[in-house]
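These notes concern the structure reproduced below.
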Amino acid sequence: MTITITAFERSPDRGRGLARDMRVRWALEEVGEPYDVRLVTFKTMKEPPHLAIQPFGQIPTYEEGDLALFESGAIVLHIAEEHTGLLPTDTNARARAIGWMFASLDTVEPPIFDRSLVMILERDEPWYEKRLRSLEDTIRKRLAALSARLGDADWLDGAFSAGDLLMVTVLRRLHGSGILEEYPNLAAYVARGEARPAFKRAFDAQRAVFAAASAG
Ligand code: GTB
């Protein structure tokens with residue numbers, strides 16, 4: 001059955017692969033599943049056909065036969081559960097890998113995402129500098145803990161898993177901030193993720209969408 005995901009017709013990240021369809025593309029590439037992409041605009045994503053699949057009017061979504069899913073974490077988990085390669089088979093190791101998926105989305109991503117938002121939306125507000133500093137303090141706390149846990153390992157818990165896939169997509173959002181480089185093992189971890197052939201295929205595919213939109 002054909003898998004169809006949704007992505008921005010013209011991503012505000014200008015092809016840097018920071019929007020959340022990137023993690024779904026990457027997961028599909030890791031397990032070798034082909035997929036189609038339905039591109040949506042900021043207008044069409046708030047209209048009834050898209051809202052029927054994604055109640056908050058966001059991307060990404062995932063459709064396959066009778067199944068329609070939203071929330072990038074749930075989509076990546078579904079892909080990982082349906083295929084081999086993104087979750088260990090051992091029950092305890094699998095539970096730990098899923099734990100890392102939640103950690104990336106619940107514990108590490110919120111201050112990183114808020115920092116980006118504040119930098120776009122609150123730059124002219126009187127509280128801007130203080131709020132930015134506070135978010136960056138929180139980010140550093142999270143990265144220091146993550147860095148200590150990763151140590152010299154390649155991945156967070158044994159073999160590369162969906163937990164690493166999500167964590168790398170979250171940390172990539174810090175590119176250009178200088179913060180990631182304060183933790184050399186995390187910078188190397190992100191580079192290791194980005195060097196995976198599946199990541200490169202996913203990245204090129206989303207960048208081609210932006211290039212086509214810019215040419216048109
Ligand atoms: N929790 C949901 C999930 O994980 O699927 C969140 C989905 C979400 O935030 N989607 C965003 C969206 O559709 C795109 S990815 N926003 C439109 C809207 O809410 O109206 C977030 C994103 C957007 C832009 C950049 N960027 O420009 O760098 C990066 C990430």
Side-chain angles (χ1 to χ4, degrees), residues 3-30 35 37-64 67-81 86 98-123 132 135-136 139 142 162-180 190 193-194 199 202-214:
I3 294 170
T4 303
I5 68 166
T6 50
F8 284 128
E9 183 182 84
R10 185 183 289 265
S11 180
D13 72 2
R14 307 184 61 78
R16 286 182 297 150
L18 299 176
R20 290 181 172 110
D21 59 298
M22 179 61 202
R23 50 188 64 161
V24 175
R25 291 173 183 271
W26 185 8
L28 288 167
E29 292 288 353
E30 287 285 349
Y35 61 97
V37 183
R38 187 169 64 250
L39 300 176
V40 294
T41 62
F42 277 96
K43 181 170 178 289
T44 58
M45 63 206 286
K46 304 299 177 201
E47 290 172 352
H50 188 77
L51 289 174
I53 302 170
Q54 218 294 3
F56 306 108
Q58 298 181 312
I59 59 100
T61 58
Y62 174 104
E63 291 155 77
E64 185 182 16
L67 176 66
L69 274 181
F70 64 97
E71 281 299 328
S72 58
I75 297 170
V76 171
L77 180 57
H78 173 71
I79 296 166
E81 282 184 325
L86 284 176
I98 293 171
W100 279 116
M101 295 178 72
F102 277 84
S104 69
L105 303 181
D106 269 4
T107 304
V108 181
E109 185 166 53
I112 294 177
F113 189 76
D114 286 353
R115 175 182 176 273
S116 310
L117 225 50
V118 161
M119 288 177 72
I120 296 166
L121 301 177
E122 298 179 19
R123 204 170 267 279
L132 192 65
L135 283 168
E136 291 186 346
I139 292 169
R142 297 291 184 244
D164 296 297
L165 185 151
L166 288 181
M167 192 65 84
V168 167
T169 62
V170 165
L171 296 177
R172 289 189 69 246
R173 198 92 197 255
L174 290 170
H175 276 325
S177 70
I179 298 175
L180 196 54
V190 171
E194 291 173 335
F199 175 93
F203 183 85
D204 290 347
Q206 63 76 38
R207 194 174 48 188
V209 172
F210 182 75
S214 305

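On a predicted model such as this, the values are computed, not experimentally measured, just so you know. Start at 1 and go down the list; that is how both ligands and their atoms are numbered.
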Find all atoms of ligand 1 within a distance of less than 4.0 Å from any non-hydrogen atom belonging to [X], and give their numbers and elements.
X: K46; answer: 18 (C), 19 (O), 20 (O)
X: M45; answer: 13 (O), 17 (C)
X: R20; answer: 3 (C), 4 (O), 6 (C), 7 (C), 8 (C), 9 (O), 15 (S), 21 (C)
X: P60; answer: 5 (O)

Considering non-hydrogen atoms of the protein only, which is the closest contact for [atom], and what is the distance?
atom: atom 24 (C) of ligand 1; answer: P12 CG, 3.9 Å
atom: atom 4 (O) of ligand 1; answer: S72 OG, 2.6 Å
atom: atom 30 (C) of ligand 1; answer: L18 O, 3.5 Å
atom: atom 22 (C) of ligand 1; answer: A19 CA, 4.2 Å
atom: atom 1 (N) of ligand 1; answer: E71 OE1, 2.7 Å

**OP:** Please work out whether any backbone atom (N, CA, C, O) or any side-chain heavy atom from C-beta onward of F70 is under 4.0 Å from ligand 1, and answer side chain, backbone, both or neither.
**Re:**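 No part of F70 is near ligand 1 at this cut-off.
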
**OP:** Would you please determine whether R173 falls within less than 4.0 Å of ligand 1 on a heavy-atom basis?
**Re:**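 Contact present.
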
Subject >> Non-neighbouring partners of R10 that pass salt bridge (charged side-chain N to carboxylate O under 4.0 Å, His left out), sequence neighbours left out >> reply: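 Listed in chain order: nothing, the list is empty.
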
**OP:** Verify the ring-centre separation between F8 and F42: is it less than 6.0 angstrom?
**Re:**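 Centroid separation for F42 and F8: below 6.0 Å.
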
Original post:
Which of the listed options, F8, F113, Y62, F42, holds the heavy atom that is closest to atom 14 (C) of ligand 1?
Top reply: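 The nearest heavy atom belongs to F8.
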
Original post:
Counting only N and O atoms by type, is there a donor-acceptor contact under 3.5 Å from the side chain of R123 to the main-chain atoms of M119?
Top reply: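 Between the backbone of M119 and the side chain of R123 there is a qualifying donor-acceptor contact (under 3.5 Å).
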
**OP:** Look at the side chain of H50 and the backbone N and O of Q58, then say whether any donor-acceptor pair between them is shorter than 3.5 Å.
**Re:**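 The answer is yes, because a donor-acceptor pair under 3.5 Å joins these two groups.
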
Original post:
Taking distance alone, with no angle check, do D13 and ligand 1 share an N/O pair under 3.5 Å?
Top reply: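 In this structure, D13 places an N or O atom under 3.5 Å from an N or O of ligand 1.
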
Original post:
Can you find an N or O of I59 that's nearer than 3.5 Å to an N or O of ligand 1?
Top reply: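 Yes, since at least one N or O of I59 sits under 3.5 Å from an N or O of ligand 1.
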
Original post:
Does the pair E109/R173 count as a salt bridge with the N-to-O cut at 4.0 Å?
Top reply: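 Looking at R173 together with E109, the answer is no, because their closest N to O distance does not fall below 4.0 Å.
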
